[in-house]
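Chain letters run A, B, ... following the sequence lines, proteins first and then strands; every chain starts at 1. These figures come from a predicted structure and were not determined experimentally.
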Amino acid sequence: MMPHAWTILGFYLLVLLLAAKPLGSYIANVMEGRPILALRLGGGLEAGLYRLCGVKRDEEMGWLRYALAILLFNLLGALAVYALQRLQVWLPLNPQQLANVSPDSAFNTAISFATNTNWQGYAGESTMGHLTQMLGLAVQNFLSAATGIAVAVALMRGFARHSASTIGNAWVDLTRVTLYLLLPIALVYAVFLVSQGTIQTLDGYQEVTTLESGPASVAPQTQTLPTGPVASQEAIKMLGTNGGGFFNANSAHPYENPTPLTNIIQMLSIFLIPAALCLTFGRIVGDVRQGWAVLAAMTVLFVVMAVVAMSVEQQSNPLLTSLGIDGSAGNLEGKETRFGSAESALFATITTLASCGAVNAMHDSFMPLGGFVTLWNMMLGEVVFGGVGSGLYGMLVFAVMAVFLAGLMIGRTPEYLGKKIEAHDIKMVSLTILVTPLLVLTGTALAVTLPAGVAGVANPGAHGFSEILYAFTSAANNNGSAFAGLSANTPFYNILLGIAMWFGRFIVIVSVLALAGNLAAKKRIAANAGTMPTHGPLFVMLLIGTVVLVGALNYVPALALGPVVEQLMLQSAH
Amino acid sequence: MARQTLSMFDPALLWPAVLDAFRKLNPAAQWRNPVMFVVYAGCLLTTALWVQAVIGTGEAPAGYILAVTLWLWFTVLFANFAEALAEGRSKAQAASLRGLKRETMAKKVKSADASADWSSVPATELCKGDLVLVQANDTIPADGEVIEGVASVDESAITGESAPVIREAGGDFSAVTGGTRVLSDWLLVRVTVNPGETFVDRMIAMVENAKRRKTPNEIALTILLVALTIIFLVVTVTLLPFSIFGVQAAGAGTPVALTTLIALLVCLIPTTIAGLLSAIGVAGMSRMMQANVIATSGRAVEAAGDVDVLLLDKTGTITLGNRQAAAFLPAEGVPEQDLASAAQLASLADETPEGRSIMVLAKQKFGLRERDIQALNARFIHFSAHTRMSGVDLPDSQIRKGAVDAIRAHIETLGGRFPPGVLRAVEEVARRGSTPLVVADGSRVLGVVELKDIVKGGIKERFAELRRMGIRTIMITGDNPLTAAAIAAEAGVDDFLAEATPEAKLALIRQHQAEGRLVAMTGDGTNDAPALAQADVAVAMNTGTQAAKEAGNMVDLDSNPTKLIEVVETGKQMLMTRGALTTFSVSNDIAKYFAIIPAAFVTTYPQLGALNVMGLASPTSAILSAVIFNALIIIVLIPLALKGVTYQPMGAAVLLRRNLAVYGLGGLIAPFIGIKLIDLTIAATGLA
Amino acid sequence: MTALIRPAVSLFLLLSVLTGILYPLAVTGIAQTLFPVTASGSLIVRDGRPVGSALIGQSFTDPKYFWGRPSATAGQPYNGAASGGSNLGPLNPALVEAVKERIAALKAADPDNQRPIPGDLVTASGSGLDPHISPAAAAYQVGRIARARRMEVERVAILVARNTEGRQFGLFGEPRVNVLALNLALDAEDGLADSMRP
């Protein structure tokens, strides 16, 4: 890895951790309803919303009620996005008169945005009108992010409370996250993006005559410049780890991600809330070290993956250098000049570790090992930073599992944060860890077996398998990025991936909430010298080991037939 | 009971276990263990594939399928064998217990009168409430309570302790156990249990596997193991379409054989821990038995591992059961020898260890010999709960000894005055943790005898160990706070409860439980029963009352209160063994992947041969080596499962680091070596 | 369950209005006030007519212009209405073929240039709209441009240098040359020279 890559990585970590600390405390204050300035400023609006909705702020919910509220809320979101897509031609703010989206694509996209996956089977600039983008997709960017954070906070309360029957009020949690966390940051962020070149307009597309145009030119005579309320959507797309781009090229598009500065800020904004939530967790359970331990485990895994990806992508493709080109800038196929190979690989690592799925380079054209990293990152279960909220609750589920396995080895019934881990908890943990590999592996198996699945493959050989595997891994883990060569905008993929996204999101959410409810009801056990410490380096290593081992055990065979064999083929080709 | 400890692989246990291993091939028995059932189903499938290969065209060479099939069957058998072996050991213990239940005849009496007529009835027909007479050399026919008489009883059949014990009516030594033998004198016993409910019956039931229910942690672990099994089932099942697609995409090779997939599945699912899980549980109970502790449930043993607070009675646990006279502290103007002489006189008839220690001290210090009781014309006053004094009336003096309050009250009624110097001496003694015994002659206080508590050797180190394990020790004593504090400091306990009453004990337990701690205690008296019932782990002494035994969830046959520490260690060991083997089992999978994945797909993608890091001879031998390793590791780990992971008292972090290194890292590395060695053997013998 | 429906529906609607209408309108208002040029697409206007965006690359095939990155957009290269990359896998023979063709085209336009071709000139960008090439890629083409326009190599090189951006704040991204801006500068310089000619 070149010095520049190290510098960027170091700078990134430094800024991330510095920003995460105050934000983590802020989120804790907001979610616990402490009398901080923001809550006093927004208090009137918040109270007004509750009054209009018939919500009683202090009415607590048990886990089941909380889960039902979350499911209902997200179901409404999916329906709204579906309706907007199917009716957009008759609705305002569609200057290009883009047609109504097909039912299967609309179904896929509706689920995709409601589940915080933001898998894009469509190309934004040629499919979605402005209204669908801002009132459908961007709204879900906010609300699915709020859902993830609310569920994570509910799980934190499960750990923090004892002998309690409730885990919070879903409406209040969703409202507070939106009002006090997502909206203010998104507003400032969007304006910053515009200052750098991201567009923000409701006008129609513009046609320009190109410079080279002329009767003798073989180049296109005109160029269509797309428009739209991009910045407002871009901000929350990154901040909420949604990743659904306004345009097909996503954050590689100069109108989404115009400069290297916006690029680093976009990368920071992906991990910002997931990192801060770790510290919120520490605050809410009353021991900040617990939060730092989880954050440390995430950071170590991130650094390792980033170093691998950046090193690999900074090498050029030997098949191309053998043609005599200068490959010193690395593998540039599918990458933007302004970002270069190092920062594209870093972005790819971040976006796949977090369940963001925004891309500033085409993962399909990464080197086999680079593609392996992106795929493997998702296979870890989107728990290394992960999606907003979902990353933390996923990681805490792994922590419970790690504690259960290792806790036995110190000769005590395993306990985490003073809560004994018993059969019911393990049932929920197992369900959470089970569901995504099941969806990924069975989905991939169906797609490689059925002609409709095989038909979508763009690249020959083992890479075709990688494309399908990537699609289901991305969908079931709610990432949303793609080996985009796969032609996935077909009824077969739209429906199958839609199912994978829905269950990958909500089976996990329901079992996490059930876990939260069960934990909240438990008595708290006092810690002593015989209690396994869950804040030191040993626990961090243990957590890393568990995440990696589970990921490896689930996916080694599939990876061996995809990127691993591709890499070996590349090596043996030389 | 014939308390022979059978060695791990004693032939007497081995052969029945081998037979049992086959007997357990019954699908109904396999179904109880979901993970092993998957292996079982896999065996049946590969057997069918082998038959198909023999009679027609198989998916792979028949020899290969046969080899895999045989080793898969061995895997099932080895797991069965581990369970059978553990059960066999338990059953041997149960059988020796059952020896106690030989048919005895009981002498049943109609009324609570030792001289009444008795009729001979079989012991098995005795019901709760029946009265029986047990005379010298009779076997006590059933568990019961002594209502009349004193006798020495040989309880070695239950406890293994050859010294006879005294059983008498009233107090804390009134419980007798069926199957024990009266050596001298006679007892009138009220039977306290119905047929089939006797202590021995329950012990047998407990020890025998039939009554063994899964403990909470075992259930949780089983859920996790089942979840892992489901994942691996999906991983291997989906590999077939992946492989078919790979063959199409690469245009080379053949799809992976079903036999290979089943081999992979069995290697991946946690067979090691699943095969040994039940053995670990049985062995845990069995280890308790060897320590002469009978647990009423596996749950109790498991809970013992979690104990945070140990409540220990001072007397008998922390100090030697009896106090010893250490010094004579005379009142002003009284020669020390006079005090010694008076004290000796007062103790002449006192057969308690304290009394005898006063005699010994007087003899040592002043050469005072025992005097002829008859010649003294002495009348002895025995200790009564009412006066709380004892002593002797001589023609010219009335000597009394007793606690400060009692003597003070005594002399004040006689018009005497308690000298302040003696009071200071009393306080001084108490501060040292000793018990002051005041001696008075008439209304004149002679001085104080210091009775010293002797803290047991090595107990302080034991408590330090417990502290490292994170367990707090609390001493329970009837002494005053001053005395208690001094002894607590000497013994190194963390805390103490002085002037303990049953209510105070109960309150203390509840308080700790409310703070989220698990409390363990021992007890023997009836007044311990409420506290025993409240404690999470309650070990009743076998010498204790029936009420105490009913309230506890374990009974210590040796009636050794320090045993609690061993109970905790056994509980911890059981959990540790489970955790260690699970971690080991799961870590093993990485190496198995490296053995099987390249072997299974090398025809499609020759480049995958690069993953054959172990350099295994051929695809066939690679797969076979992994399967053989997977089967043999069960056998290799049986001793560990039965003996348990060695427990050393140390902090959780240190312990975790050690066990993670041994079983986690070891589990990662060991199979690489094991599989390679097996592969070398196969290649050398040319089997595959 | 029914008790949940009212808050679910009303909260969803209200938050939708807040985040889906008020928020984007607010951003649009602020953006158009503070940063009207960038908010509307950073258009480059020449002679009162927009000729493109400073952020969106254009296709150049004429040897007298600097060529940008190969573009894999659907329909036509640098199609602003269909951004996207080639998505060719690293081992895909089609990738090797495409690169061979691009090398051939570059060599054909500048047969004497023996320098190794910088990778970004023969690999498709992620967006298909990449406005930049690396300074090395610009340097590679200087000789060809100078010849085609009959300009001194040094003058072209000066223009390249003038249109080269370093890393942002010396830290972020890669050094790069905006192809459209460079070509516009080239035209302007060339036009200036033309007008000075008799």
Side-chain angles (χ1 to χ4, degrees), chain A residues 49 53-55 69 72-73 76 125 134-135 139 142 171 178 190-191 194-195 197 199-201 208 210-212 218-220 223-226 229 232 247-249 252-254 258 260-261 264 316-317 319-320 325-327 329 332-338 340 361-362 364 367 459 463 484-485, chain C residues 4 6-8 10-12 14-16 19-20 24 27-28 30-31 35 38-42 50-53 55-56 58-62 76 80-85 87-92 96 99 116-120 122-123 125-127 129-130 132-134 168 172-174 176 183:
Chain A
L49 283 174
C53 302
V55 170
L72 195 57
F73 190 74
L76 284 172
E125 57 267 58
M134 62 189 248
L135 190 56
V139 166
F142 277 99
W171 310 128
T178 310
V191 173
V194 175
S195 79
I199 57 172
Q200 179 74 19
T201 163
V208 296
T210 57
L211 181 60
E212 206 192 278
V218 293
Q223 187 179 39
T224 303
L225 295 178
S232 57
F247 303 114
N248 186 47
H253 199 294
L261 179 64
I264 187 103
S316 75
N317 187 338
L319 298 181
L320 301 188
I325 67 163
D326 171 12
L332 289 173
E333 178 70 24
K335 294 191 179 69
E336 296 284 290
T337 310
R338 61 193 180 283
M362 297 304 129
D364 213 353
M367 298 308 292
N459 282 285
H463 197 67
Chain C
L4 290 172
R6 182 185 159 209
S10 43
L11 193 64
F12 175 70
L14 288 170
L15 289 181
S16 291
T19 59
V27 174
T28 310
I30 298 170
F35 311 104
T38 51
S40 302
S42 309
V51 291
S53 162
L55 294 176
I56 305 291
Q58 289 184 4
S59 178
F60 292 99
T61 53
D62 193 321
Q76 59 188 46
S83 59
N87 285 313
L88 292 176
L91 289 166
N92 195 333
V96 178
V99 170
I117 302 169
D120 57 318
V122 291
T123 50
S125 66
S127 63
L129 304 174
D130 194 342
H132 300 112
I133 52 175
S134 65
Q168 209 168 359
F172 308 123
E174 298 293 339
R176 60 207 179 278
N183 284 336

Verify, without hydrogens or angle tests, whether [X] (side chain) and [Y] (backbone) share a donor-acceptor contact under 3.5 angstrom.
X: A:Glu336; Y: C:Gly126; answer: yes
X: A:Gln200; Y: C:Pro24; answer: yes
X: A:Glu125; Y: C:Ser83; answer: yes

Find the distance between [atom1] ([X]) and [atom2] ([Y]) and round it off to the nearest 0.5 Å.
X: A:Thr337; Y: C:Asp130; atom1: OG1; atom2: CG; result: 3.5 Å
X: C:Leu129; Y: A:Leu225; atom1: CG; atom2: CG; result: 9.0 Å
X: C:Leu55; Y: A:Arg338; atom1: CG; atom2: CZ; result: 7.5 Å

All ring pair (Phe, Tyr, Trp, His ring centres under 6.0 Å) counterparts of A:His253, not counting sequence neighbours: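 Applying ring pair (Phe, Tyr, Trp, His ring centres under 6.0 Å) to A:His253 gives A:Phe247, A:Tyr255.
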Which pair of heavy atoms, one from C:Leu14 and one from A:Cys53, lies closest together, and at what distance?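 Nearest pair, atom of C:Leu14 first, then A:Cys53: CD1-SG, 3.6 Å.
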Between A:Asn459 and C:Asn87, what is the shortest heavy-atom contact and its length?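 Of all heavy-atom pairs spanning A:Asn459 and C:Asn87, the closest is ND2-O, 2.9 Å.
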Tell me, for A:Val218 versus chain C, whether the close heavy atoms (under 4.5 Å) come from the side chain, the backbone, both or neither.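 Both parts, backbone and side chain.
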Pairing residues for C:Thr38 by the side-chain hydrogen bond (donor to acceptor under 3.5 Å, both in side chains) criterion, not counting sequence neighbours: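 side-chain hydrogen bond (donor to acceptor under 3.5 Å, both in side chains) check on C:Thr38 returns nothing, list empty.
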State, without any angle test, whether A:Thr210 and C:Gln58 hold a side-chain donor-acceptor pair at a distance under 3.5 Å.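 The answer is no; no qualifying pair exists.
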Do A:Glu212 and C:Ser59 meet the criterion of a side-chain donor-acceptor pair at a distance under 3.5 Å?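 There is no such pair (donor and acceptor under 3.5 Å, judged by atom type) between the side chains of A:Glu212 and C:Ser59.
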Chain A contacts, top residue of C:Ser42, C:Ala81, C:Ser40 (heavy-atom pairs, under 4.5 Å):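 Top count of heavy-atom pairs under 4.5 Å with chain A: C:Ala81.
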C:Ile133, part contacting chain A, at a heavy-atom distance under 4.5 Å: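 Just the backbone, heavy atoms under 4.5 Å.
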